[in-house]
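Because only heavy atoms are used, hydrogens play no part in the values below, and waters and symmetry mates are left out as well, while side chains stay in.
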Amino acid sequence: MISIRNRIHIRLFVVFALVCLFIVLLWYSPVPVLTSQLHGGALMKVVVTVYYEALCPDSKYFLTKQLLPTFKIAKSIMEVKLAPYGKAKTKEHNGKITFDCQHGPIECQANIYHACAAEIIEDPLLRLEVAACMIMDNHLPQEAMKKCTNQINFDDSVIQNCFESNRGVDLLKEIGESTNSLKPPITFIPTITIDGSQGRQESILKDLLSEVCKAAGDSGEVKDICKI
């Protein structure tokens, strides 16, 4: 008959053996990697947010000479968010929302058209092409919107309805809140963030592709796009 002491020893031995077996299995078993949480993973894109104004010459230059050309090269590794508000002010009185824009009332109208187009046009390249097209001459915002959407065979009435409804105003208000929450606050338009960071603005404004490449990591796809 096995004594109580020997039973305890046997149980301890069995527990020890099971723990050792578990450690060995864990050590040699492949562990799945969540690639979406890796900076170089296929599901991770560099998020570029552009805080701009529709009648701002520097915004016009950046959208047409930096943002659109960079996206055409690196669209598989970057996502663009447009925030057309800049240094505008939002006012609410008796339930009505109005805006004061740096370049006057026409810019407020143009900003709303940009905001509506950014929300409604789903294709990211077409969305940027329309924004870059409109900002080339936004002094007649409605005409610019119609011309630029017609160039891509997009139904301009959808964007016009957004502009004329409360949705357009609500969109610009939301963008204003996002703009005003930036830390540090904006002092120059356009201001660009890469993955939420304002980083080196001077370099971003002059060579966006280079800054996107630096933030994208060193995967094979990034190396092919960035030639590094």
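Scanning all heavy atoms of the two residues, the minimum distance from Ile175 to Ala115 falls at CD1-CB, 3.7 Å. Scanning both residues, Cys116 and Ile159, for their nearest heavy atoms gives CB-CG2, 4.0 Å. Summarising the geometry of Ala216 relative to Ile77, their closest heavy-atom pair is CB-CD1, 4.0 Å, with the distance given to 0.1 Å. The two residues Phe154 and Asn150 make their nearest non-hydrogen contact at O-OD1, 4.2 Å.
Ile204 is listed as a side-chain neighbour of Ile194, based on a closest heavy-atom distance under 4.5 Å. Taking 4.5 Å as the limit, some side-chain heavy atom of Phe99 sits within range of a side-chain heavy atom of Val169. Using a 4.5 Å heavy-atom threshold, the side chains of Phe62 and Cys56 count as separate. Within the 4.5 Å cutoff, side-chain heavy atoms of Leu128 are placed close to those of Leu82. Residues Ile106 and Leu55 have side chains in contact (heavy-atom distance under 4.5 Å, counting atoms from C-beta outward). Met78 has its side chain within reach of Val48: a pair of non-hydrogen atoms, C-beta onward, lies under 4.5 Å apart.
Once rounded to the nearest 0.5 Å, the distance linking CG of Asp170 with CD of Glu119 reads 10.0 Å. To the nearest 0.5 Å, atom CD1 of residue Ile186 and atom OH of residue Tyr52 are 13.5 Å apart. Between the CG atom in Asp195 and the OG1 atom in Thr193 there is a gap of 8.0 Å [rounded to 0.5 Å]. The distance from the SG atom of Cys162 to the CZ atom of Arg167 is 7.0 Å, given to the nearest 0.5 Å. Summarising the geometry, atom CZ belonging to Phe188 is positioned 6.0 Å from atom CG belonging to Leu205; distances are rounded to the nearest 0.5 Å. Note that CD of Gln198 and OG1 of Thr49 are 10.5 Å apart. Values are rounded to the nearest 0.5 Å.
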Which atom pairs, donor and acceptor, lie under 3.5 Å between side-chain atoms of residues 65-75 and protein residues at least two apart or in another chain?
residue : atom : partner : partner atom : Å
Gln66   : OE1  : Leu208  : N            : 2.9
Gln66   : NE2  : Lys206  : O            : 2.8
Thr70   : OG1  : Gln66   : O            : 2.7

Validation: residues 86-98 side-chain donor-acceptor distances under 3.5 Å, sequence neighbours left out:
residue : atom : partner : partner atom : Å
Lys87   : NZ   : Thr187  : O            : 3.0
Thr90   : OG1  : Tyr85   : OH           : 2.7
Lys91   : NZ   : Asp100  : OD2          : 2.7

Quick one: side chains of residues 129-145, donor-acceptor pairs under 3.5 Å with protein atoms, not counting sequence neighbours, listed by atom name and distance.
residue : atom : partner : partner atom : Å
Asn138  : OD1  : His114  : NE2          : 2.8
Asn138  : ND2  : Met134  : O            : 3.0
Gln142  : NE2  : Gln160  : OE1          : 3.3

Between Asp224 and Val222, does the side chain to side chain contact (heavy atoms under 4.5 Å, CB included) criterion hold? Intermediate values first, please.
CA-CA 5 Å; Asp224 288 341; Val222 171; over 6 Å; no
With side chain to side chain donor-acceptor pair (under 3.5 Å) as the test, would you mind laying out the steps for Ser203 and Glu211 before giving the verdict?
CA-CA 7 Å; Ser203 179; Glu211 294 300 315; 2.6 Å; yes
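In terms of hydrophobic clustering, with Ile, Leu, Val, Met, Phe, Trp and Tyr side chains grouped at heavy-atom distances under 4.5 Å, Ile121 and Leu125 are assigned to different clusters. Linking Ile, Leu, Val, Met, Phe, Trp and Tyr whenever their side-chain heavy atoms come within less than 4.5 Å leaves Val158 and Leu171 in two separate clusters. Criterion: ILVMFWY side-chain heavy atoms under 4.5 Å apart, direct or through other members. Under it, Ile120 and Leu172 are part of a common hydrophobic cluster. By the criterion of side-chain heavy atoms lying less than 4.5 angstrom apart, applied directly or through intervening Ile, Leu, Val, Met, Phe, Trp or Tyr residues, Ile192 is not grouped with Val47; the two fall into different hydrophobic clusters.
For Gln201, the side-chain hydrogen bond (donor to acceptor under 3.5 Å, both in side chains) criterion is met by no residue, not counting sequence neighbours. Scanning for side-chain hydrogen bond (donor to acceptor under 3.5 Å, both in side chains) contacts around Lys146 gives Asp156, with sequence neighbours left out.
Every pair passing disulfide (SG to SG under 2.5 Å) that includes a residue from residues 77-113 is listed here, sequence neighbours excluded: Cys101-Cys108.
With Arg127 contributing its side chain and Glu122 its backbone, the two residues share a donor-acceptor pair below 3.5 Å.
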